Novice: 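Attaching a single structure in structure tokens format; questions to follow.
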Amino acid sequence: MKTLQTLLLGATLLALPAAAPAMVNMVNLPERNSVQLTIYNSADLTLVKETRALTLRKGLNRLSFSWANTLIDPTSIEFRALTHADVVDVVDVSYPPRVTNMLEWRIQSEVAGEVLVEIRYFTSGITWSADYVAEAAPKEDNMRLAGYVRVTNHSGEDYENAQVRLVVGVVRLVQPIAQIAQQWQQGNMPMPQAAPVAMLAAKEQLQKSARLVLDAKDGRADKVAEILKEELSEYYLYTVDTRDTIPDGWSKRLPSLDIPKVPLASYYKFEKEVWGEQVMRFYRFTNSVPSKLGKEPLPDGAVQAFRVTGKDDSLDYVGGTSVKYIPVNEHVELDLGPDCEVQVRPVLMNWVKKDLAFDSDGRVKGWTTVETWEVEVQNCREIPVTVDVRRNQPGDWSLETQAAYQKMDANKIKFLLPLAPRSQQKFTYEVTTRHGTNVTR
């Protein structure tokens, strides 16, 4: 089936003036031989490379290109010959009057016959996003991690039999591509600038690659697909090695990874100043080779977490969250929300004010307070957990306790407690705080 763009091009060619000089060959733009979409997830930006086989006559040829009803950036459109490149040159590019969405190349060819050419440009309206499914084992000591990428096309153009490449990395645009396309649609046509396509292509110097076999189900592909993953200096490139049609208005979800038994820790945090009385649940893992990951960074995306329960391996929903871009060897915490099966109860057992100091008028200018706290931590679950209890203590203070703790910063300490299934622990600490002239630091 012809794409919208090809149909428009055919109509444009029929409308060209019949009085064109006889020595100029009117080249009919054929359908694409192939198309490659490089989609950036940090900006509404896609680099399109399409190849076509043109039949050129020796001498001057004329070829028109239209982008009506699409989100193509006209200032980025480039043409180059892939075969006979040394004898096929673009003489100039012109924009016909009273036509807002068409350009015309004049091409000088020293050969007659078929020439394979590449047309490339930026477009907007094609985006991709990642999402993950984590399935924790019953003891929550490992999980199956499945990843997917979703490609959505609202560019106004169908792309048939396309190779899809997905780029992770920040791209800075002087002006959004959609805004440029809209200006041209409205007839506000700035002078085209040199397209940055070559600059982006130059970055695609592959330093290493990794391969991962995907599970192609539900008619997503005719064969087992692969996503090839390549590190580019400041970007990371994911290439789907099977070709697929991406129609305008459609969204397709493709699998990107499926790793069983990724080591996992069930981890809990309590900090009253942040979450109130709630204990927050986390899944922790590392994007590293020992964790069966670590071959490439993981794109940011939504995560849905489940836990396998029962003899029939049914799934219980644990919670949903999102993750930022995860570099290799990065530790990851999935914030899954509050869990009432783990409880932390701090109780102020005693409070004393002492060491009062007075000025010459009899007013208090310094004092010291001593607080005694008891903290009870309870695990009502049938699996062992680790609980991170954080206590905030501003000012000039010192601490006495038999429990192990870590000083996180000048105003915060952390108690880390491993709890067996259906067990509880208690610990106490005494904090002395100096105020006014009693402050020693």
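Computation of the quantities below employed the complete heavy-atom set of this structure, encompassing side-chain atoms and omitting hydrogens, waters and symmetry-equivalent molecules. Since the structure is predicted, the reported quantities are computational estimates derived from the model, not experimental observations. Nothing fancy with the numbering, it's 1 onward along the sequence.
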Novice: Tell me whether Arg150 forms a cation-pi arrangement with Trp128, defined as NZ or CZ under 6.0 Å from the six-membered ring centre and within 45 degrees of its axis.
Specialist: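 No, cation not above the ring by the 6.0 Å, 45° rule.
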Novice: Ignoring hydrogens and angles, tell me if any N or O in the side chain of Asp158 forms a donor-acceptor pair with the backbone of Asp248 under 3.5 Å.
Specialist: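 Between the backbone of Asp248 and the side chain of Asp158 there is a qualifying donor-acceptor contact (under 3.5 Å).
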Novice: Going from CD on Glu50 to CZ on Arg52, what distance comes out if it is rounded to the nearest 0.5 angstrom?
Specialist: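 Taking CD in Glu50 and CZ in Arg52, the distance rounds to 4.0 Å.
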Novice: Can you tell me if Trp275 has over 12 outside heavy atoms packed within less than 6.0 Å of its CH2?
Specialist: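 Yes, CH2 of Trp275 has more than 12 neighbouring heavy atoms, counting only those of other groups under 6.0 Å.
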Novice: Consider only side-chain N and O atoms of Gln36 and Arg120, and report whether a donor and an acceptor are under 3.5 Å apart.
Specialist: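 Not at all, the side chains of Gln36 and Arg120 share no donor-acceptor pair under 3.5 Å.
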Novice: Please confirm whether the backbone N or O of Ala403 pairs with a side-chain atom of Thr401, one donor and one acceptor, at under 3.5 Å?
Specialist: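 Side chain of Thr401 to backbone of Ala403, a donor-acceptor pair under 3.5 Å: yes, one is there.
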Novice: Using a 6.0 Å cut-off, check whether atom CD of Gln402 has over 12 heavy atoms from anything other than its own residue.
Specialist: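 It does not: Gln402 CD has 12 such atoms or fewer within range.
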Novice: Could you give the distance from OG1 (Thr38) to CG (Leu237), rounded to the nearest 0.5 Å?
Specialist: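 If we round to the nearest 0.5 Å, Thr38:OG1 and Leu237:CG are 6.5 Å apart.
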Novice: Under 3.5 Å, is there a donor on one side chain and an acceptor on the other for Arg165 and Gln163?
Specialist: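 There is no such pair (donor and acceptor under 3.5 Å, judged by atom type) between the side chains of Arg165 and Gln163.
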Novice: Which one of Thr369, Thr433, Asp355, Thr368 satisfies the side-chain hydrogen bond (donor to acceptor under 3.5 Å, both in side chains) criterion with Asn438?
Specialist: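 Exactly one candidate clears the test, Thr368.
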Novice: Please report the C-alpha distance between Phe270 and Asp388 in whole Å, then the side-chain angles of each, then the deciding distance to 0.1 Å, and finally whether the side-chain contact (heavy atoms from CB on, under 4.5 Å) criterion is met.
Specialist: CA-CA 6 Å; Phe270 174 86; Asp388 176 343; over 6 Å; no
Novice: May I ask you to check whether Tyr405 and Tyr429 place their ring centers less than 6.0 Å from one another?
Specialist: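 Tyr405 vs Tyr429: aromatic centres not under 6.0 Å.
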Novice: Would Glu135 and Lys261 satisfy salt bridge (charged side-chain N to carboxylate O under 4.0 Å, His left out), going step by step from the backbone distance to the final call?
Specialist: CA-CA 9 Å; Glu135 295 179 4; Lys261 295 188 176 180; over 6 Å; no
Novice: Asn153 and Tyr159: side-chain donor and acceptor closer than 3.5 Å?
Specialist: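 No pair is found: no donor N or O on one side chain lies under 3.5 Å from an acceptor on the other.
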Novice: I want to know whether Tyr268 and Phe282 have ring centres closer than 6.0 Å.
Specialist: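 That pair fails the under 6.0 Å test.
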Novice: Ignoring hydrogens and geometry beyond distance, is a side-chain donor-acceptor pair present between Glu333 and Tyr283 at under 3.5 Å?
Specialist: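 No, Tyr283 and Glu333 have no side-chain donor paired with an acceptor closer than 3.5 Å.
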Novice: Please tell me whether Glu271 and Asn392 have a donor and an acceptor in their side chains that are separated by less than 3.5 angstrom.
Specialist: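 Their side chains do contain a donor-acceptor pair, which is all the 3.5 Å distance test asks for.
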Novice: Surrounding NZ of Lys407 (heavy atoms of other residues, nucleotides or ligands, distance under 6.0 Å), is the total greater than 12?
Specialist: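 It does: Lys407 NZ has more than 12 such atoms within range.
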Novice: Does a side chain donor of either Glu330 or Asn287 reach within less than 3.5 Å of an acceptor in the other side chain?
Specialist: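 There is no such pair between these side chains.
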Novice: Side chains of Asp73 and Tyr121: donor-acceptor distance under 3.5 Å anywhere?
Specialist: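 Absent: no donor and acceptor within the cut-off.
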Novice: Strictly by modelled atom types, are Asn33 and Thr51 linked by a side-chain donor-acceptor pair under 3.5 Å?
Specialist: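 No, no side-chain donor-acceptor contact under 3.5 Å.
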